[in-house]
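Per chain, numbering begins at 1; letters A, B, ... match sequence-line order.
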2 protein chains.
Amino acid sequence: MELESREAEPGTVRPGGRTARVRAAVLQAAGDVLAERGFAHLDLADVARRAGVGKTTVYRRWGTVTALVADLLVDMAEQSLPRSRTGSLIGDLKANARLVQRTLTDPRQGPLFKAVIAAATCDPRTAEALRRFYDTRISEWAPCVQEAVERGELPEGTDPREVIRAVSAPLYYRLLASGDPLDEAAADRAAEAAAAAAHAGVYAR
Amino acid sequence: MELESREAEPGTVRPGGRTARVRAAVLQAAGDVLAERGFAHLDLADVARRAGVGKTTVYRRWGTVTALVADLLVDMAEQSLPRSRTGSLIGDLKANARLVQRTLTDPRQGPLFKAVIAAATCDPRTAEALRRFYDTRISEWAPCVQEAVERGELPEGTDPREVIRAVSAPLYYRLLASGDPLDEAAADRAAEAAAAAAHAGVYAR
DNA sequence: TCATTAATGGAACTGGAGTCCCGTGAAGCG
DNA sequence: CGCTTCACGGGACTCCAGTTCCATTAATGA
């Protein structure tokens with residue numbers, strides 16, 4: 001019978017060669033526009049022009065601005081750095097905080113993250129992509145907390161992921177809401193605050 | 001000479017009567033759309049229709065979606081509640097955290113805040129309006145930290161505003177990035193974490 | 001290497017967001 | 001109360017984001 005046969009998404013049957021080049025060029029161009037002009041000025045026709053790709057192709061493959069941003073996020077998740085290991089909890093947390101701080105103040109990546117968050121608040125699928133992005137990042141760093149528990153630095157039962165989230169949260173809050181300077185001092189304070197709360201057992205049980 | 005005489009913004013010379021009614025109706029309608037359909041579906045023609053107001057008027061008075069959201073924020077800032085006083089630092093911080101948590105999970109206000117933040121990441125003037133909004137909210141609650149310092153509960157030199165921000169930050173992080181449940185337990189943990197960090201002197205100096 | 005057909009790209013088309021113009025209604029003031 | 005003119009509202013218009021159609025190109029598998 002084969003009625004209702006679902007058509008495959010374009011780009012899934014022959015993903016090599018030209019299709020891959022188009023995807024790379026479009027994501028690159030989209031990132032450029034977001035960094036230079038922000039989420040509000042991201043329009044698909046413009047991205048197509050910059051990428052040297054047919055407008056039709058961009059609309060067919062991605063369709064909406066938010067879907068394009070979601071795909072950009074998948075790309076970003078693949079190139080996340082391995083965590084550094086300093087040997088102490090506070091050292092590791094500060095390294096993490098500095099990494100986040102540097103990312104958010106980077107002239108290219110900072111605006112890009114703002115745009116990604118704006119897109120995620122507008123569209124559930126993009127929000128899901130963002131959630132997964134942070135999930136992998138947090139999984140990368142959580143072990144440093146677990147090791148601190150095993151060394152006896154932190155109370156038994158401390159939730160490692162919650163501690164890592166506590167490091168990032170104030171930095172994102174500064175980026176999005178408060179507008180206060182996002183400097184190294186802020187990063188260190190975020191790490192120290194998370195460590196202090198973890199020591200006090202706030203994230204245990 | 002009087003060349004270059006700056007024209008007054010429409011609505012500033014005769015702000016009473018009809019003009020005020022139009023503003024109220026438009027802001028109400030804009031809030032409704034944001035809560036029901038989100039920032040992505042906010043279009044000025046639709047707002048005008050819902051408000052029972054001429055499309056031309058909305059474009060003349062506000063002009064862009066982000067400007068309308070910024071004005072909505074001014075409206076929201078005016079109706080902020082007075083802080084509650086429990087007598088202890090942790091009690092006050094928990095009251096604040098619960099207030100933020102209830103606001104962000106409220107079926108009307110939650111989506112509205114998401115939209116406001118999305119708008120702020122798209123437009124500097126809206127970002128400035130958001131900054132001022134949080135500034136007033138933080139000023140309302142900061143005294144409870146100052147009082148704790150005076151009672152000797154917290155180290156001398158603790159920055160009160162930084163403590164209040166530390167309470168909100170994890171809750172906003174959950175709303176925007178992680179997507180984890182934003183319940184009362186999360187609120188209490190945010191308050192406890194901020195208190196622990198403050199006790200440890202992270203926000204002193 | 002060749003056949004198949006997925007995927008791209010150009011060009012014409014469409015719908016609706018945003019603008020402009022001008023007549024009408026009602027604030028504010030004496 | 002009436003005058004002045006600010007602000008609103010309707011409707012026509014413009015322009016471009018997003019769609020549709022089809023010819024061309026090239027990825028894949030034999």
| query | Which part of the nucleic acid, if any, lies within reach of B/R23 when heavy atoms closer than 4.0 Å are counted: base, sugar-phosphate only, or nothing? | reply | nothing

| note | Atom CH2 of A/W62 and atom P of D/dG18 are separated, to the nearest Å, by 15 Å

| query | In whole angstroms, how far is the C1' atom of D/dA27 from the CZ atom of A/R21? | reply | 10 Å

| query | Should the pair B/R98-B/D188 be classified as a salt bridge under the 4.0 Å nitrogen-to-oxygen rule? | reply | yes

| task | Ignoring hydrogens and angles, tell me if any N or O in the side chain of A/S168 forms a donor-acceptor pair with the backbone of A/R165 under 3.5 Å. | result | no

| request: For the pair A/Q101 (side chain) and A/L182 (backbone), establish whether a donor and an acceptor sit closer than 3.5 Å, ignoring hydrogens and angles. | output: yes

| task | Return the 5'-most residue of the pair A/G17, A/L44 with respect to DNA chain D, ranking by each residue's nearest nucleotide. | result | A/L44

| query | With a 4.5 Å heavy-atom cut-off, do A/R85 and A/C144 have their side chains touching? | reply | no

| said: Rounded to whole Å, how long is the line connecting atom CZ of B/R14 with atom P of D/dT4? | reply: 12 Å

| query | Does the pair A/E184/A/R189 count as a salt bridge with the N-to-O cut at 4.0 Å? | reply | no

| field | Ion pair check, B/R137 and B/E140, cut-off under 4.0 Å | value | no

| Does B/D135 pair with B/R132 as a salt bridge, N-O distance under 4.0 Å? | no

Check the interface with nucleotides 11-13 of chain D: list each N/O to N/O pair with the protein under 3.5 Å, or write none.
residue	atom	partner	partner atom	Å
D/dG11	O6	B/T56	OG1	3.3

| chain B footprint on DNA chain C, 5' to 3' - any atom under 4.0 Å from a heavy atom | C/dA17 to C/dG28

| remark: By nearest-nucleotide position on DNA chain C, the 5'-leaning member of B/V65 and A/G11 is A/G11

| query | Are side-chain N/O atoms of A/R161 and A/S139 paired as donor and acceptor at under 3.5 Å? | reply | yes

| query | Start at the 5' end of DNA chain C and walk down; is the nucleotide closest to B/G63 or to B/P15 reached first? | reply | B/G63

Could you pull out all donor-acceptor pairs under 3.5 Å where a side-chain atom in residues 191-200 of chain A meets a protein atom, sequence neighbours excluded?
residue	atom	partner	partner atom	Å
A/E192	OE2	A/K94	NZ	3.2
A/H199	ND1	A/A195	O	3.1
A/H199	NE2	A/E153	O	3.2

| request: For A/T12, answer base if it contacts any base atom (sugar-phosphate contacts may also be present), sugar-phosphate if it contacts only those atoms, and nothing otherwise; contact means non-hydrogen atoms under 4.0 Å. | output: sugar-phosphate

| note | Taking D/dC6, D/dC8, D/dA27 as options, the one with an atom nearest any side-chain atom of B/T19 is D/dC8

| said: Side chains of A/Y134 and B/Y173 only: does a donor on one sit below 3.5 Å from an acceptor on the other? | reply: no

| Any side-chain heavy atom of B/T105 within less than 4.5 Å of one from B/L175? | no

| message | Categorize B/R61 for me: base, sugar-phosphate, or nothing, with a 4.0 angstrom heavy-atom threshold over every strand shown. | response | sugar-phosphate

| field | Electrostatic pair A/R23:A/D75 at N-O distance under 4.0 angstrom | value | yes

| said: Let's see if you get this right: which residues in residues 24-42 of chain B place a heavy atom under 4.0 Å from DNA chain D? | reply: none

| query | For the pair made of CZ in A/R49 and P in D/dG18, what is the distance, rounded to whole Å? | reply | 12 Å

| Atom pair distance, as rounded to whole Å: CZ in B/R18 and C1' in D/dC6 | 9 Å

| field | Between the first and last five pairs of the helix from C/dT1-D/dA30 to C/dG30-D/dC1, the angle of the axes, rounded to 10 degrees | value | 60°

| query | A/W141 pairs by side-chain contact (heavy atoms from CB on, under 4.5 Å) with which of A/I164, A/V100, A/V163, A/L93? | reply | A/I164

| side-chain hydrogen bond (donor to acceptor under 3.5 Å, both in side chains) partners of B/R174, counting only residues at least two apart | A/E162

| note | To the nearest angstrom, the CZ-C1' distance between A/R60 and D/dT19 comes to 11 Å

